[in-house]
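Working notes for the structure below.
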Amino acid sequence: MGLLSDPNRRRALINLLTRLNAPICVVCYMAGVAWFMGLAFEPFTLRTYMSENAMGSTMVEERFPSGERAVATGREFAAHKKKVSGMPVEWLVKTMQARGLEVYTQRFSRTLPFPDENKERYMVKGTNVYGILRAPRAPRTEALVLSAPCTPGDNNNQAVGLLLGLAQYFRNQIYWAKDIIFLVNDHDLIGMQAWLEGYHHTNTTGMDWSPLQGRGGSIQAALSLELSSDVVTSMDLVLEGLNGQLPNLDLANLFYAFCQKIGVLCTIQGKLQRNDWDSVSGYSHAVQTMMLMVMKQASGRPWGDHGLFLRYHIEAATIKGINSFRQYKTDATTIGRLLEGMYRKLNNLLERLHQSYFFYLMPSLSHFVSIGYYMPAFGLLAVILLLRALDLWVQLATPPPTTEDGIADIEQSSPGVLSVLTPLVISHLTGAALYMLPIRFQEMAVEHFPVSETEAVVLTAIAVYTAGLALPHNTHRLLSGEGTEQGWRVLKLVALLYLAVLLGCTALINFSLGFILALTLVPGAAFVTPHVPKVLSAFVLVILSPACTLLFSVFFFQELQEMPVSFLDGWLLYLSVISQGILDHFLYGSLVYPLIALLVYPCWLLFWNILFWK
Amino acid sequence: MAAHRSCRPVWLFILCSFSLFIIAGSQETTVAPEQHASVLDNPQTAAETAEQTAGESGGVEERRWEGTEVRDAAAQKQAEPAVLQPTPQPKDDFQEELVVRPLHSGDIYASFQFRTLWETDFMRGNKVSHYRLFPKSLGQVISKFSVRELHISFTQGYWRTMQWGQPYLPSPPGAELWVWFQDSVTDVDATWKELTNVLSGIFCASLNFIDSTNTVQPSASFKPLGIGNVTDHRFLRYATLPREIVCTENLTPWKKLLPCGSKAGLAVLLKSEKLFHSSFHSQAVHIRPVCQDWQCKTTSWELRQTLNVVFDLHNSGQGKREWSLFKMFSRTLTEACPLASSSKIYIDITDNPEGEQFELSPATSLLSQAMVLGDRRTFSVYDLTQQDTFGSVRSLNLLIRWKSTEGDMLRPLLHAERYVAGYGLQTGEIHTLMYNHHPYRSFPVLQLDSVPWYLRLYIHTLTVTSKGKDNKPSYIHYQPSKDRVRPHLLEMLVQLPPNSVTEVTVQFERALLKWTEYTPDPNHGFYVGSSVISSLVPSTVAMDTNSTRERPLFSSFFPCKEESSYFVRVYTEPLLVNLPTPDFSMPYNVICLTCTVVAVGYGSLYNLLTRSFQIEEPSPGLAKRIANVIRKMRGVPPL
């Protein structure tokens, strides 16, 4: 630290940083991207291992015998579902009671802020049915949850059948130490949200639900089951939850361990693991898997019914049965045994799952990247902002070279608080408008334009967003006099630090979102000044804006899933993604939409403002 | 309460005189002094003991209960062959009984009670040294610590009121201990501390973890059950250990307290491998002073050991819906305990008058009726002191074969549940729900909550609501906690409106403990003991408007006071609450990080702040130095 206390060397260092600022920034950016791409390379990642002692060394046997009967129950369920065209509540109650469970129901209703066109619902009314298997000689303090959504159509009947089959088998066992709650939730995530809010007696989203009658204490772990065919080729694990939260890695390890033991093909992001990490195709496979996880996590939406448990500090994952055209098939008995094994191990838990990682990325099911490995990639991007800020700070601090007369100095050295504050306030007001207006004005928009409510909301959002681009002109009308050279420097300094803090906080909570935003926002933020060519820069800045980032992400995601779309389809998908994002916020409390609207977009507007500084 | 107490002898008197009238009429000559022991009276009233002794002195007997009934008179004719003369009371007396209740859900409830009575006085100066039936270890505890009443229970599991109805003896999950000391004790806290440690040794349990942080002095919820009018709650201590695990190691010392051990009598059934293969297991010891005779001039000590167990139909069913003694306990009965003055098995057949629910074999003609928990129950009685009970095979293996399928949930009149609401690790809310399922009567309940200090209750957020309206408790006793010294104590008297749910909510903040105060498994969570709800509940008999069909008309116009309410204690579930927990698995990382931050960050800052900066003179060149040396030698000032 002698470096900083020695004024000479400090000056030398600062000189170096300011002189080489641009090259260092470019190098940092490249290094950040390279580091990130390197994360998927297998020799750089860690193998997963079971950290939890209670689940590691204990041996359990899987004996679930009645897969066939479970499939038959599933068919019966399907028949009853078709008959009442919805959730067959009475049949479920009777069936669960016959299996010796304590059965309760919960009614709920929710009116969406605007119609959901993907799932075709607006006013939702439903009933959750759940049965509690009381553990013998346990005082109702701990519970595990197994849930299966009751989805419309022919989907997921086998999951309910298997759930009931497991309930029957589990009921006759003596070894349970935690109550097991078997839940069939109506209207997938909305039902799950209602049940969880009822169970914990909270109300975060303004839903109507009837209070729960029976409880099992604090829930330790939960699995959600999705199964739509009698046989499957592989089981897929879904981890990404609300706001990019992930369950403890031990839950993934547990799934992987049992798939290995029982001999079931297991995938993550629908991708099998490959052994040829040293080949190019093997590496790109790992990158694809990891990028899919990053995209899903960044979206901040729950990718399965498990996603809502994570808010309540309940470790949860969704297990999906996939039936593709492979030769190797797995029947319901084997899936039942897989679940039995997992539940027996979870039953053995003495503490909540806490030993393993909560922040990780998975390039394959057997390898993971921990927070210590992926954070430097983000750090390298974020340091660019700090370097640019340092550069500006130095420029502001050094007295400008005295010109022939001293008049210019006096004018330049008074950038005034107002010239910084005004753009800040106006851009945030625009952000607030982007957050509020789409929902508020949907009725008015529907009256005046030939669009549906959902389209009205999305188009209003896009309109507000675009209108924000006119901000620089409005700002200057409010400002007295011309913007000064010092003025935009101060504004940019503030904006850079603001963006750095914003991205840093986002990356801590949801790394993927923070990284993707940094990837696009940082270059624009770094190069923009009023002196660059206007038209070209404006184009680049718009391309790198949050909305375009989202558009590219949609195409990129489709590409990763090997389902490329045409531009028109992509555009429609983009519109529906926006409406889903807004719905996620109002239905489940996802924070991505307010984050973008209230913070990221205003911050980007500041840089837009600097570009058009006069 | 007072009315209740006073009306009981009146009722007994009416009953006795009425039955004498009937017997005289039916020309019956033999009178069996059958002990009416299965009655589980309101434990709160001291009058219960008076009734008990009245029963011993030839008062209430089985057939007289029958006598009031019109229906069972014929069945009663051939019962009771034995005639015992009223023998002089032995100085000590031992009784054992087993009550089996086939439950609504298809499960089966077995309740053992062993009672030892001893006419002695531990408290007087002379030391009691000769013990016969009463266990010496407990006798010494009573005299050494001046205990007036002692109640201890160990329970594994939670009693499911909604499926099983009310238990004969309620107990919370884990261990519960409450003791009334004699008013001669000067330092109650020290005595209590010593007593818990001694009991810990006797019962092989972790009762030594009872200290001031989980002990409370309830002001109203726990009254003495024996005789004596002192209700100064300074002499009462109550503590629960919700985390206590009950297993064989606790059962063995409990069995050793029995006069016959587990060698003979009903206790041969108590095999741990079966008792712990069940849905619910609870064992208890109750010691209290009771009246010796009707006038209650002298007292004797009663030791009641109880063991309750519920067997699960599904776990041991193997497809067959039947129960037998052998299947439940893997033993059959061959004899009574030779030391016991009475040894009986009661099977509750109230729900099964015509044998349509289940089939009982071998059949018995001996019937008994009792008021249990506000309901008139009928029992089949097997007297183990009679040889013919065991039949020709010399062993008794009761068999219950279910005929009907299992039923729906029950609606017990009083029932309670509790849970923690909210999410996150900063605050939370405790919700207690109390259900009154009575169609038209409201009744008051006393709620007792003892919450550890690390949940800091915000008592100003306490709300009691029933049917959407604020329900103001008529009595609140609140003692705030002191960190690391004593828990919160909250007692309330709440009136439950008919057919309603009353919700009590209070918010709390989770404290951050010192790092040495965490348990070895901090991420499991911390337990909060059950809340205790005590109440006088209107009885179901009084509720039954059709009862005129079964009873003589003249007996049923005014609702009978004795049957009009009964005492119930309900325990809610314990809570498991997570506290903010540091990551204990990374002390090394934390230490390294902290040291680095201190060394690098603070060190350099300190350096910058304290160092004084000076412009350093550039050192003179070689030529200049030589010149200076020469100048010095010459005696002129240097350059």
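Below, chain A is the first sequence line, B the second, and so on; all start at residue 1.
- Of the N and O atoms on the side chains of Q168(A) and T73(A), not one donor lies less than 3.5 Å from an acceptor on the other residue.
- Only the side chain of T202(A) comes within less than 4.5 Å of a heavy atom in chain B; its backbone stays farther off.
- Using a 4.0 Å cut-off between a side-chain N of Lys or Arg and a carboxylate O of Asp or Glu, D312(B) and R137(A) do not qualify as a salt bridge.
- A salt bridge links E61(A) with R63(A): the closest approach of a Lys/Arg side-chain nitrogen to an acidic carboxylate oxygen falls below 4.0 angstrom.
- With a threshold of 4.5 angstrom between heavy atoms, S51(A) does not approach chain B through any atom at all.
- Each of E573(B), R418(B), E429(B), R160(B) has some count of heavy-atom pairs under 4.5 Å with chain A, and the biggest count is that of R160(B).
- Proximity to chain A (any heavy atom under 4.5 Å) is shown, for P242(B), by neither the backbone nor the side chain.
- Interface remark: E197(A) contributes no atoms to any contact with chain B (heavy atom separation under 4.5 Å).
- With a 4.5 angstrom heavy-atom cutoff, E417(B) touches chain A only via side-chain atoms.
- With ring centers used as reference points, Y357(A) lies under 6.0 Å from F368(A).
- Evaluation of the side-chain hydrogen bond (donor to acceptor under 3.5 Å, both in side chains) rule for W164(B) yields D107(B) as partners, not counting sequence neighbours.
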